Enquirer: 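Just passing along the structure, written as structure tokens.
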Amino acid sequence: MYKQEQIKPYEGTGDKGKLVEEMFDNIAPTYDTLNHRLSWDIDKGWRKKAIRRLAPFSPKKMLDIATGTGDFAILAAQMLHPDQLIGADISEGMMEIGRQKVKQLGLENTISFAKEDCLNLSFQDESFDAVTAAFGIRNFQNLDQGLKEMCRVLKKGGHLCIVELTTPVSFPMKQLFSIYSNTVLPMYGKLISKDQSAYSYLNKTIEAFPQGEVMMEVFKKAGFAKAEFKRLTFGICTLYFATK
């Protein structure tokens, strides 16, 4: 078990998946605002870098795991022009906002949303050319199982592209990020979302989540043939790219 799997929203007991679903349903109305403001809009650039990494392979059928309000899925549809893109998440509250954005942008023919348990996906083996995830896999209650499922639904030779928040490893960004994430992030989260516990939880999972070289072994254990990573913005975010 990885450290972040033991951390639960609201310091609750029982099934972490249910608590994560409740938390994201609660913060859904303010999630996009907070996401962009707390990262100074840098998160948009991280997503673009991840999608550009997939561009040479021209995936036609894609799955976006932990899609939330659909930002990554929408950007992927606009940049890669797949025939079909499914956004999967456990939170209906988040996906409903995603559906509204997709409708406003006229992308209903490309993007659809599905409530899914990311540890037990309903899709058949080798269904997708590419699987993506942005800032979501650290919420899995079983990281190994979640990545195995992503590998299972990927076609052989298909690609997994993930961006995830991480902790910088070098001075002084490591120290500065620690101060920011332990003070500004939960305080501002409480001010905007009225849910301080949620942003305290999200911060704790960033600190506990395995990263860098450790994640390379995690991907291999899940069944991927190759994996690589690149730290972005001094290590605040990491881009992971794996091939089945």
Side-chain angles (χ1 to χ4, degrees), residues 17 20-21 24 46-92 94-95 98-99 101-103 105-164 215-216 218-230 238-244:
V20 169
E21 179 182 355
F24 279 113
W46 295 334
R47 289 186 181 90
K48 285 182 180 178
K49 284 182 183 293
I51 294 168
R52 288 193 193 107
R53 188 67 181 82
L54 281 171
F57 308 102
S58 302
K60 294 303 179 186
K61 188 173 181 182
M62 299 179 63
L63 173 66
D64 186 40
I65 291 287
T67 195
T69 61
D71 276 359
F72 204 14
I74 289 168
L75 196 59
Q78 292 172 330
M79 292 176 66
L80 300 177
H81 309 290
D83 295 332
Q84 181 184 15
L85 197 160
I86 299 173
D89 204 286
I90 58 172
S91 169
E92 280 289 357
M94 296 283 277
M95 288 192 293
R99 291 185 185 100
K101 290 194 287 189
V102 165
K103 185 175 181 180
L105 292 167
L107 293 170
E108 307 102 305
N109 291 334
T110 301
I111 301 174
S112 61
F113 292 87
K115 183 169 183 176
E116 289 280 341
D117 175 0
C118 295
L119 307 185
N120 186 26
L121 296 168
S122 65
F123 308 109
Q124 294 183 352
D125 295 356
E126 302 195 0
S127 295
F128 299 95
D129 301 307
V131 176
T132 59
F135 318 121
I137 65 170
R138 72 181 192 281
N139 296 307
F140 288 175
Q141 59 184 333
N142 187 326
L143 177 61
D144 288 336
Q145 179 61 26
L147 290 174
K148 284 179 183 176
E149 278 293 275
M150 293 183 188
C151 187
R152 179 184 66 79
V153 300
L154 263 178
K155 295 177 182 177
K156 188 172 178 59
H159 301 93
L160 171 66
C161 192
I162 292 172
V163 282
E164 187 54 83
M215 281 296 290
M216 297 299 93
V218 176
F219 284 120
K220 288 178 183 177
K221 185 165 62 170
F224 291 94
K226 294 187 295 183
E228 59 188 71
F229 72 96
K230 182 178 182 180
T238 300
L239 191 161
Y240 298 101
F241 192 78
T243 304
K244 180 173 178 178

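Everything numeric in this text was worked out from a predicted model, so none of it was measured. FYI, side chains are in, hydrogens and waters are out, and symmetry mates aren't considered; it's all heavy atoms of this structure.
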Enquirer: Would you please name every residue forming a side chain to side chain contact (heavy atoms under 4.5 Å, CB included) with Ala130, sequence neighbours left out?
Expert: Leu54, Pro59, Met62

Enquirer: Check the pair Leu143, Arg138 against side-chain contact (heavy atoms from CB on, under 4.5 Å), reporting the backbone distance first and the verdict last.
Expert: CA-CA 7 Å; Leu143 177 61; Arg138 72 181 192 281; over 6 Å; no

Enquirer: For a quick test of reading the model, state the closest non-hydrogen atom pair linking Ala88 to Leu63 and the distance between them.
Expert: CB-CD1, 4.0 Å

Enquirer: For a quick test of reading the model, state the closest non-hydrogen atom pair linking Pro82 to Thr110 and the distance between them.
Expert: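 Result for this residue pair: O-CG2, 3.6 Å.
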
Enquirer: Under a 4.5 Å cut-off applied to non-hydrogen side-chain atoms, are Leu160 and Leu154 in contact?
Expert: yes

Enquirer: Hey, does the side chain of Asp83 reach the backbone of Lys61 with a donor-acceptor pair shorter than 3.5 angstrom?
Expert: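 The answer is no, because no donor-acceptor pair under 3.5 Å joins these two groups.
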
Enquirer: Please test Val153 against Val131 for side-chain contact (heavy atoms from CB on, under 4.5 Å), starting from the C-alpha separation and ending with a verdict.
Expert: CA-CA 8 Å; Val153 300; Val131 176; 4.2 Å; yes

Enquirer: Please evaluate residues Arg47 and Asp71 with respect to the criterion side-chain contact (heavy atoms from CB on, under 4.5 Å), reporting the C-alpha separation (whole Å), side-chain torsions for both, the decisive distance (0.1 Å), and the verdict.
Expert: CA-CA 9 Å; Arg47 289 186 181 90; Asp71 276 359; 3.8 Å; yes

Enquirer: Name the orientation class of the two ring planes belonging to Phe241 and His159 (parallel below 30°, tilted from 30 to 60°, perpendicular beyond 60°).
Expert: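 Ring orientation of Phe241 relative to His159: parallel.
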
Enquirer: Taking ring pair (Phe, Tyr, Trp, His ring centres under 6.0 Å) as the definition, give me every residue that meets it alongside Phe128, ordered by chain and number, with sequence neighbours left out.
Expert: Phe123

Enquirer: Can you find a pair of side-chain heavy atoms, one from Ser127 and one from Gln124, that are under 4.5 Å apart?
Expert: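 The answer is yes, as the side chains (C-beta and beyond) meet within the 4.5 Å cut-off.
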
Enquirer: Please lay out, stage by stage, how Met216 and Lys226 fare under the test side-chain contact (heavy atoms from CB on, under 4.5 Å).
Expert: CA-CA 8 Å; Met216 297 299 93; Lys226 294 187 295 183; over 6 Å; no

Enquirer: Check whether any side-chain heavy atom of Phe113 lies under 4.5 Å from a side-chain heavy atom of Thr67, and answer yes or no.
Expert: yes

Enquirer: Mind checking salt bridge (Lys or Arg N to Asp or Glu O under 4.0 Å) for Lys230 and listing every partner two or more places apart, or none if nothing turns up?
Expert: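 Here no residue qualifies.
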
Enquirer: If I take atom CZ from residue Phe224 and atom OH from residue Tyr240, how far apart are they, to the nearest 0.5 angstrom?
Expert: 13.5 Å

Enquirer: Lys244 versus Lys155: any side-chain heavy-atom pair under 4.5 Å?
Expert: no

Enquirer: Calculate, to the nearest 0.5 Å, the distance between atoms CE and OG belonging to Met95 and Ser112 respectively.
Expert: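 Met95 CE to Ser112 OG: 10.5 Å, rounded to 0.5 Å.
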
Enquirer: Under a 3.5 Å distance rule, please check whether Asp89 uses its side chain to pair with a backbone N or O of Gly68 as donor and acceptor.
Expert: yes

Enquirer: Any heavy-atom pair between the side chains of Phe135 and Phe72 that's under 4.5 Å?
Expert: no

Enquirer: Could you grab the distance from atom CD of Gln84 to atom CG of Asn109, nearest 0.5 Å is fine?
Expert: 11.5 Å

Enquirer: To the closest 0.5 Å, what do you measure between CG (Leu85) and CD1 (Ile74)?
Expert: 10.0 Å

Enquirer: Determine the minimum heavy-atom distance between Val20 and Asn139, stating which atoms define it.
Expert: CG2-O, 4.0 Å

Enquirer: Between Gly157 and Thr243, what is the shortest heavy-atom contact and its length?
Expert: O-CG2, 4.0 Å

Enquirer: Restricting to side chain to side chain contact (heavy atoms under 4.5 Å, CB included), what partner residues turn up for Lys103, sequence neighbours left out?
Expert: Glu108

Enquirer: With a 4.5 Å heavy-atom cut-off, do Ile162 and Leu147 have their side chains touching?
Expert: yes

Enquirer: Report the residues that fulfil salt bridge (Lys or Arg N to Asp or Glu O under 4.0 Å) with Lys60, sequence neighbours left out, ordered by chain and then residue number.
Expert: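 Lys60: no salt bridge (Lys or Arg N to Asp or Glu O under 4.0 Å) contacts found.
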
Enquirer: With a 4.5 Å heavy-atom cut-off, do Phe140 and Ile65 have their side chains touching?
Expert: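 The answer is yes, as the side chains (C-beta and beyond) meet within the 4.5 Å cut-off.
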
Enquirer: What are the two closest heavy atoms between Lys221 and Asp144, and how far apart are they?
Expert: NZ-OD2, 3.2 Å

Enquirer: Any sub-3.5 Å donor-acceptor pair from Glu164's side-chain atoms to Gly136's backbone N or O?
Expert: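 It does hold such a pair.
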
Enquirer: Which heavy atom of Lys101 sits nearest to which heavy atom of Thr69, and what is that distance?
Expert: CE-O, 2.8 Å

Enquirer: For residues 114-122, dump all side-chain donor-acceptor pairs below 3.5 Å to protein atoms at least two apart in sequence or in another chain.
Expert:
residue, atom, partner, partner atom, Å
Lys115, NZ, Glu21, OE2, 2.8
Glu116, OE1, Ser122, N, 3.0
Glu116, OE1, Ser122, OG, 3.3
Glu116, OE2, Ser122, OG, 2.5
Asp117, OD1, Leu119, N, 3.0

Enquirer: Any side-chain heavy atom of Lys148 sitting closer than 4.5 Å to one from Arg152?
Expert: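 Of all side-chain heavy-atom pairs linking Arg152 with Lys148, none is under 4.5 Å.
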
